Amino acid sequence: MTRLNGEDEVAELCRDLIRIDSTNAGDNTGPGERAAAEYVAGRLAEVGLEPLILESDSRRANVVVRVEGTDPSREALLLHGHLDVVPFDAADWTVHPLSGEVADGCVWGRGAVDMKNMDAMILAVVRQRLSEGRRPPRDVVLAFTADEEAGGRYGAHWLAAEHKDLFDGCTEAIGEVGGFSVTLDGARRLYLIEAAEKGIAWMRLTATGRAGHGSMLNAENAVTELAEAVGRVGRHEWPVRLTRTVETFLTETSRALGLEFDPDDPEATVAKLGPLARMIGATLRNTANPTMLEAGYKANVIPQTATAYVDGRFLPGYEEEFLQTLDELLGPNVTREFIYHDVAMETGFDGSLARAVTEALLAEDPGALAVPYTLSGGTDLKAFSVLGLRGFGFAPLRLPADLDFSGMFHGVDERVPVDSLRFGVRVLDRFLDGC
Ligand SMILES: [Zn+2]
């Protein structure tokens, strides 16, 4: 087999993936992930693997394959990346989002940040290792999933429910969102490792009252009842709840920045974090934001029911408190039901997996400081955690100081530096040997 160089081909793999349209509007229309899955499976087959393409629905394709390790007695590691991307409005972009153009030292396009960059890095490192006959110490299961951007019903959740056996022996997982650097000064960079995720509770609220003529007295108006409840939810000031991962993040980051960290007032520290404040601030408390309203059909008719939608996010360990508070705010006349509900999770940044992450980063960047953080959103890891896996968001990228990377997730002009991709391949290669 010809030897392949992962660093040399990673940008091309990323560009190829960006050029394959796999946008996911969330309603099971659109191109699906089939073409991207075939591309990935083809690149894996070239180095002797026999990947499965698993369709959960027409064109909703996932790829899974196991790379055998040298020590079969060890538990397996899952490396996972999603193949879908969120939609875009091309008019807003400097280059076409499906161009995969390489300019100014970066690969540009939808997915360059979330997460065809990591898909390409996984492909590059596995292809290089197998072409050189270097198997990883432990079995590594690769999963390239559909539908992450809409909650994983056709992807990770479906795989975990219908194809559990493919993940036999897997105890740990590596995926998004983390591993990218935030520059502290010329010599030091924070690498944010995702070690916890908030849970998701999207809810429909319904108020039921008495329908009637808009000119009459009506003390049971569903619109009034709902509007008051929505107002209470939206205005509620959720208390700060300092979870283990957030406390570790703030302690270590404060120390690195020479700031004082007062656990009784974490907001004061978060406020000093610059561009990270938005991302970290959302992990200090539960949140519930009203997002949609629906009621009525004519100005002089009081409708029988009124509905609203709320995007709720709860911290690991605080789901019960979240739902209890919400019920108090809604009152007796408004009911709630989940339209989407997924778990919160938290795993300590400890053990051999954390050590392998830290050592691989330090070997390639002596100024690296790996710190665990909590993601305010969700990833496929939620679905795999149901199978009993623990894991981190770790897609390693050393980034230039002035690149607002976290701002480019789902954003305009997504781009990733080629040098950062090359760095990621080297780090992942070391990580596979060390984990
Ligand atoms: Zn993603």
Side-chain angles (χ1 to χ4, degrees), residues 13-14 17-18 20-26 30-33 36-37 40 60-63 78-88 97-98 100 107-123 142-160 173-180 191-200 278-279 282-283 311 313 340 342-345 373-385 389 391-397 399 404-416 420-421 424 428:
L13 293 164
C14 184
L17 281 167
I18 288 169
I20 301 170
D21 185 3
S22 57
T23 47
N24 181 358
E33 298 82 0
V40 165
R60 307 310 304 270
N62 302 270
V63 180
L78 171 65
L79 282 183
H80 61 101
H82 61 83
L83 295 171
D84 61 325
V85 293
V86 290
F88 50 79
L98 297 178
V107 184
W108 295 60
R110 178 57 91 215
V113 169
D114 184 11
M115 68 172 293
K116 288 177 170 174
N117 54 353
M118 177 64 163
D119 295 334
M121 279 153 43
I122 295 173
L123 283 177
L142 309 179
F144 298 87
T145 60
D147 202 35
E148 191 276 342
E149 296 293 359
R153 205 176 128 207
Y154 297 102
H157 278 292
W158 178 79
L159 287 172
I174 292 294
E176 57 171 354
V177 172
F180 54 92
Y191 285 82
L192 276 66
I193 312 299
E194 194 231 88
E197 293 185 5
K198 283 178 100 173
I200 305 173
R278 251 185 332 156
M279 189 170 152
T283 63
D311 180 352
R313 310 286 175 135
Y340 182 71
D342 211 335
V343 295
M345 20 169 276
Y373 85 102
T374 302
L375 181 69
S376 60
T379 74
D380 279 343
L381 187 54
K382 288 189 191 313
F384 296 121
S385 78
L389 278 74
F392 300 135
F394 177 55
L397 295 168
L399 299 168
D404 176 15
F405 195 72
S406 59
M408 286 195 292
F409 283 81
H410 299 190
V412 165
D413 284 346
E414 257 186 272
R415 60 196 183 279
V416 62
S420 306
L421 291 171
L428 283 179

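Remember, it's 1-based here, ligands and their atoms both numbered in the order they're listed. Model, not experiment: these values are computed from the prediction.
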[X] versus [Y]: any side-chain heavy-atom pair under 4.5 Å?
| X | Y | answer |
| --- | --- | --- |
| Val85 | Lys116 | yes |
| Trp108 | Val416 | no |
| His82 | Glu33 | no |

Task: Polar contact flag, side-chain donor to acceptor under 3.5 angstrom, Glu197-Thr379 - done: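 Yes, a side-chain donor-acceptor pair sits under 3.5 Å.
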
Open item on the list: Under a 4.0 Å threshold between the charged nitrogen and the carboxylate oxygen, would Arg313 count as salt-bridged to Asp311?
Closed with: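 Here Asp311 pairs with Arg313 in a salt bridge, since their nearest N and O are under 4.0 Å apart.
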
- [ ] For the Zn ion (ligand 1), check which protein N, O or S atoms are under 2.8 Å away and list them.
- [x]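 Result, waters dropped: His82 NE2, Asp114 OD1, Glu176 OE1, Glu176 OE2.
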
Task: Phe144-His80 aromatic ring centre distance below 6.0 Å - done: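 Centroid distance Phe144-His80: not below 6.0 Å, so no.
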
